[in-house]
Every structure is written in structure tokens, then in C-alpha cells.
Engineer: 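Mind having a look at this structure? Questions to follow.
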There are 2 protein chains.
Amino acid sequence: MTSSRSWRSEEVARNDRALLRAAREVLAVDGVHASVASIAARAGVGVGSLYRRYRTKQELFQRLCLIALREYLDAATEGLAMDDPWEGLMHYAMASIRSGPGSLAPVAGTFEPTDEMTDLAEQGDRAVARLVERAHQAKVLRAGVTPVDLELLIEQLSKSPLQEQLQRQGRTELYDAARNARERVIAIALDGLRAVPAGPVPGQPPGYELFAMRWVPPAGGAQQSE
Amino acid sequence: MTSSRSWRSEEVARNDRALLRAAREVLAVDGVHASVASIAARAGVGVGSLYRRYRTKQELFQRLCLIALREYLDAATEGLAMDDPWEGLMHYAMASIRSGPGSLAPVAGTFEPTDEMTDLAEQGDRAVARLVERAHQAKVLRAGVTPVDLELLIEQLSKSPLQEQLQRQGRTELYDAARNARERVIAIALDGLRAVPAGPVPGQPPGYELFAMRWVPPAGGAQQSE
DNA sequence: ACAGTTGCGGAGTGATTCGCTCCGCAATTA
DNA sequence: TAATTGCGGAGCGAATCACTCCGCAACTGT
């Protein structure tokens with residue numbers, strides 16, 4: 001069961017990645033009530049394959065949190081490794097938003113964290129504190145902003161209600177527009193952290209259909225998962 | 001349990017308000033899967049009272065959306081009535097965040113909107129467009145920001161993952177700190193819309209316990225609803 | 001004082017969905 | 001061809017869902 005030469009082990013790994021990605025997406029949309037069936041369906045595997053890898057639903061979520069914490073720490077240390085204080089801070093923020101600790105918020109507090117998890121969290125917090133302090137000393141970060149402010153802002157930006165609704169309704173034709181719009185919103189919000197005025201808003205101005213579509217039920221009838 | 005000196009009509013109105021408020025809160029936390037039982041419990045009434053006022057769960061949600069749309073339009077027109085373009089814009093943004101159209105996003109698209117709803121939405125959109133245009137002409141709004149950018153930013157800020165988790169775990173002692181922290185985050189993010197640099201971050205710097213508590217399960221054992 | 005009215009809380013109900021198990025099957029190996 | 005291995009998903013008991021119904025308390029008219 002360890003390392004077999006060349007078998008379908010690569011498909012196994014691929015399935016596992018798909019499973020983790022699907023779990024994070026479904027968790028972001030459905031919250032705590034996310035069902036294992038929908039996770040497996042989104043990953044394109046059967047529930048049997050899910051339960052062969054994770055003995056229970058909670059075990060899968062724990063693994064997810066552990067991975068997110070690792071990405072969180074990595075993002076912070078990478079940011080610290082950068083020379084420019086502001087760029088380092090933004091690297092951390094962007095990566096942290098992307099890895100989505102915010103989307104894991106519904107799971108938080110539902111199980112006792114392992115020692116490894118608390119350890120990773122502490123290391124990450126220390127790195128972020130240094131990141132913030134460095135940016136303050138360079139006068140590029142707005143005065144008064146604390147690490148907690150930054151983390152809460154990141155969490156606030158982690159979710160994407162618009163993209164969630166789009167994928168819930170299966171309107172794939174608007175995915176690109178939604179992603180562009182989301183990047184603009186994130187850029188605007190993060191620029192509120194700047195001590196100096198920001199440049200122009202990046203990307204294309206979003207079309208109006210993104211906002212207008214929200215209230216009308218989907219045409220095709222494709223709702224929920226698959 | 002119900003002790004009122006005069007006739008119950010005032011209790012009826014009070015129950016109705018509590019019902020609507022509870023519905024919005026539960027909807028924000030649980031999404032589409034919010035159960036009527038949890039809504040009634042949070043409002044402090046029985047499910048029977050809920051169903052006497054709203055024939056079905058969807059009818060309650062529709063009423064909720066209608067109210068949110070009205071508040072949305074009111075906020076925009078009030079903002080337009082103000083003399084200062086930036087203050088008017090911020091008044092709209094704050095009020096819109098508070099009334100929480102973003103927390104209604106999960107319901108959006110699950111039913112056909114009534115004529116009154118589309119009408120309110122169109123009026124509101126026009127008012128917001130004027131609000132944005134006026135702010136641009138006064139050079140107080142960052143160049144390139146469109147009404148859709150603004151609305152999506154507002155939606156992004158409408159949810160409060162931290163407060164949701166706190167109330168899910170029943171940690172009432174941190175409510176004030178969480179509200180303060182949330183106001184700071186909102187202020188920071190909205191300042192990203194400014195053309196000119198912003199002042200200091202309002203409120204007290206948030207304590208670290210707000211972020212540290214997230215991963216440990218609640219001590220008392222009070223979880224979920226009730 | 002007392003029958004009538006009104007709105008209340010929540011136990012009960014059938015249908016649905018949940019997490020999870022188990023098994024037939026196809027693909028791979030020897 | 002026989003053995004092995006991981007796969008998808010039907011199926012299971014338990015839990016939860018939206019919703020109904022009824023006994024009860026608060027209040028009114030006479």
C-alpha cells in the first residue's frame with residue numbers, strides 16, 4: 001500500500017487532488033452542510049473512493065484545514081523573502097486569499113485542532129506580524145493597521161458569492177467575467193491598506209450583466225450540483 | 001411566557017420583526033439550507049407562528065428580498081440627497097452593507113422576481129449610477145471605478161464570517177470586539193475607493209483573541225442553533 | 001362568571017437527505 | 001485464465017426537512 005512501481009497510482013493521486021479541490025469548492029458554497037455526495041460528484045469520483053482515502057467526513061475537512069494552514073505559512077514566508085515590503089505583503093495577501101482560509105471558516109471550531117495545526121498557525125501569525133511591521137517601518141502600510149485587521153480583511157475577501165452563485169446555476173459563460181470582476185474588487189479593497197495613493201484599477205470594467213443576472217432564475221434549469 | 005398588558009397586536013408586530021431579522025441572520029449563516037425551525041427558534045417563536053404569517057418558506061424569503069431591495073433603494077436616494085458626493089456615496093455603501101443584500105445572495109435566482117422587485121432594483125441601480133457619476137465628477141472617487149465594482153464590493157463586505165462563527169458558537173463575550181473589528185475592515189476596504197489618501201483607521205485596534213479563537217471548539221459546548 | 005375568539009408553541013408526519021457500507025465490475029498483473 | 005485491486009454507486013438506518021394540527025393561555029363581550 002506504500003509505493004508501487006507504475007500502476008494506477010498516478011490516477012489515485014489525481015483523484016486525491018480532485019477530491020481536495022472539490023471539497024474546498026463545495027465547502028465554500030454549502031458551508032457546514034456540504035454533503036459528501038456532492039463533494040464526490042464534483043470531483044468526478046464515487047463516494048466509495050472518497051471513503052477509501054478518508055475514513056470520515058471530518059477527517060477530510062481536517063486534512064483540508066491542514067493544507068490551508070500550510071499554504072498560509074508558505075505565503076507569509078514567501079512574502080517575507082521578497083525585498084519590497086509592499087510587494088511582499090501583497091504576495092502574502094493574494095496567496096492567502098486564493099488558498100481560502102476564509103472558505104474554511106464554517107469548519108473552524110468543529111473539531112479539536114492537532115498540535116501540528118496550532119504550531120503552523122503560530123508560525124504563520126509570527127511571519128505575518130513581521131510582514132506588517134516591516135511594511136509599517138517602510139511607511140507603505142497605512143498607519144494603525146494591525147495584523148488582525150489584515151487577516152480579517154483577507155478572510156472577508158476569500159469568499160466569492162458571485163462565483164458561487166454562477167457555479168450553482170451552471171452559467172459557465174460568465175465565469176471569466178466574474179473572475180475579472182473579483183480581481184478588481186480585491187485590488188480595490190487591498191488598496192485601502194496603502195499609505196500612498198493607488199494606481200488605476202486593474203483589468204477590464206465589468207459588464208452590467210454580472211449584476212443583473214443575479215435575481216433571475218437560471219434559464220436552462222441546471223441548478224445545484226450536477 | 002408572553003406577558004403583555006394590552007392586546008397582543010403589538011406583540012404580533014414585534015414577532016414579525018423578530019422573524020424577519022432572525023431569517024436574515026440564519027440565512028447569512030446557513031445559506032439556502034437554512035431551516036424554518038432554526039429561524040423560528042432564533043426569533044423566539046414557534047414554527048406555527050411563522051407559518052401563520054408566511055404560507056411557505058419561499059414566501060418568507062421573497063418578503064425578505066423585497067425589504068432588502070427597498071432598503072437598497074432608500075439608501076441610494078438618501079445618499080443622493082446629501083450635498084457632499086463622497087459622504088453620499090459612503091452613506092449608501094454603509095446602509096447597503098448593513099441591510100445585507102449580500103447575505104441574500106444564496107436565495108437569489110431561486111424564484112422568479114416579481115414586477116415590484118425588478119422595478120425597485122432598476123430604480124436603485126439608476127440612483128447608484130448617478131451617485132457614482134457625481135463622485136467621479138467631483139474627483140473624489142478613484143478613476144475607473146464602475147457602479148458594478150461598487151456593488152460587488154458592497155456584496156463582498158455584507159457577510160461577516162467572524163460574527164457568524166461567534167453566534168454559531170454562542171460566544172457572546174466577543175460580540176462587541178467583533179463588531180468593532182468588522183467596522184475597521186469595512187472602512188479599510190471602502191477607502192480603496194478613494195481618489196485621495198484616507199485618514200486613520202477608525203475604532204480601537206482589534207485584540208488578538210478574535211483571530212486566535214477561531215480554531216478551538218467552543219468551551220461551553222453551545223453549538224449550532226438555540 | 002363564562003362561552004367565544006384569537007394567536008400561540010411545539011409535538012407529530014411523511015418525505016427527503018444525510019453519512020457511510022458494501023458489492024459487482026472493469027482494469028491490471030502473473 | 002485466475003487473482004488482485006481500486007472503482008462507482010445502489011442501498012441502509014438515522015437524522016432532518018418543510019409543513020400540519022391541536023391543546024392552551026390570553027383576552028373580549030355580555
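Sequence lines set the chain letters: A, B, ... in the order given, protein chains first and strands last, and positions in each chain run from 1.
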Engineer: Who pairs with A/E71 by side-chain contact (heavy atoms from CB on, under 4.5 Å), at least two apart in sequence or on another chain?
Structural biologist: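 For A/E71 the side-chain contact (heavy atoms from CB on, under 4.5 Å) partners, ignoring immediate neighbours, are A/R24, A/I67, A/S99.
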
Engineer: B/E59 CD to D/dA18 C1': how many Å, rounded?
Structural biologist: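 Checked: the CD to C1' distance equals 14 Å.
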
Engineer: Please give, in whole Å, the distance from D/dG9 P to A/I39 CD1?
Structural biologist: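 My rounded result for the distance is 16 Å.
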
Engineer: By salt bridge (charged side-chain N to carboxylate O under 4.0 Å, His left out), which residues pair with B/R17, not counting sequence neighbours?
Structural biologist: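 Expected list: none.
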
Engineer: Under the rule for side-chain contact (heavy atoms from CB on, under 4.5 Å), what residues qualify as partners of B/Y51, not counting sequence neighbours?
Structural biologist: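 Once residues adjacent in sequence are excluded, the partners of B/Y51 under the side-chain contact (heavy atoms from CB on, under 4.5 Å) criterion are B/V36.
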
Engineer: Between A/S49 and D/dG8, is there a contact of a side-chain N or O with OP1 or OP2 at under 4.0 Å?
Structural biologist: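 So the side chain of A/S49 is within the cut-off, an N or O lying under 4.0 Å from OP1 or OP2 of D/dG8.
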
Engineer: For A/R63, look at atom CZ and say whether over 12 heavy atoms of other residues, nucleotides or ligands are found less than 6.0 Å away.
Structural biologist: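 Result for CZ/A/R63: open.
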
Engineer: Rounding to an integer number of Å, can you tell me how far A/D30 CG sits from C/dT17 C1'?
Structural biologist: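 Spelled out: CG on A/D30 to C1' on C/dT17 is 13 Å.
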
Engineer: How long is the line joining CG of B/L50 and P of C/dG7, in whole Å?
Structural biologist: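 Result: 16 Å.
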
Engineer: Taking the side chain of B/V45 as heavy atoms from C-beta outward, which of C/dG9, C/dG10, C/dC20 is closest to it?
Structural biologist: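 Selected nucleotide (nearest to the side chain): C/dG9.
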
Engineer: Base, sugar-phosphate or nothing for B/A34? Non-hydrogen atoms, less than 4.0 Å.
Structural biologist: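 Result for B/A34 = sugar-phosphate.
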
Engineer: Do A/D74 and A/Y92 have side-chain N/O donor and acceptor atoms under 3.5 Å apart?
Structural biologist: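 Looking only at side-chain atoms, A/Y92 and A/D74 do not form any donor-acceptor pair under 3.5 Å.
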
Engineer: Please figure out whether A/V36 or A/G48 has its closest DNA chain C nucleotide nearer the 5' end.
Structural biologist: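 Going by which nucleotide is closer to the 5' end, it is A/V36.
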
Engineer: Would you please name every residue forming a side-chain contact (heavy atoms from CB on, under 4.5 Å) with A/M117, sequence neighbours left out?
Structural biologist: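 Per chain and number, A/M117 pairs via side-chain contact (heavy atoms from CB on, under 4.5 Å) with A/C65, A/L66, A/L69, A/F111, A/P113, A/T114.
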
Engineer: In whole angstrom, what separates A/L60's CG from C/dC20's C1'?
Structural biologist: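 One finds 14 Å between C1' of C/dC20 and CG of A/L60, rounded.
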
Engineer: May I ask you to list the residues of residues 51-58 of chain A, by number, that have any heavy atom positioned under 4.0 Å from an atom of DNA chain C?
Structural biologist: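 Going residue by residue through residues 51-58 of chain A, the ones with a heavy atom under 4.0 Å of DNA chain C turn out to be A/Y51, A/T56, A/K57.
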
Engineer: Check the phosphate of C/dC8 against B/N15, side-chain N and O only, distance under 4.0 Å to OP1 or OP2. Yes or no?
Structural biologist: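 Yes, within the criterion.
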
Engineer: Which whole-number value in Å describes the distance from B/R14 CZ to C/dG7 P?
Structural biologist: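 Computing the B/R14:CZ to C/dG7:P distance gives 15 Å.
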
Engineer: For B/N180, enumerate each residue passing the side-chain contact (heavy atoms from CB on, under 4.5 Å) test, keeping only those at least two apart in sequence or located in another chain.
Structural biologist: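 Here the qualifying residues are B/R184, B/Q204.
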
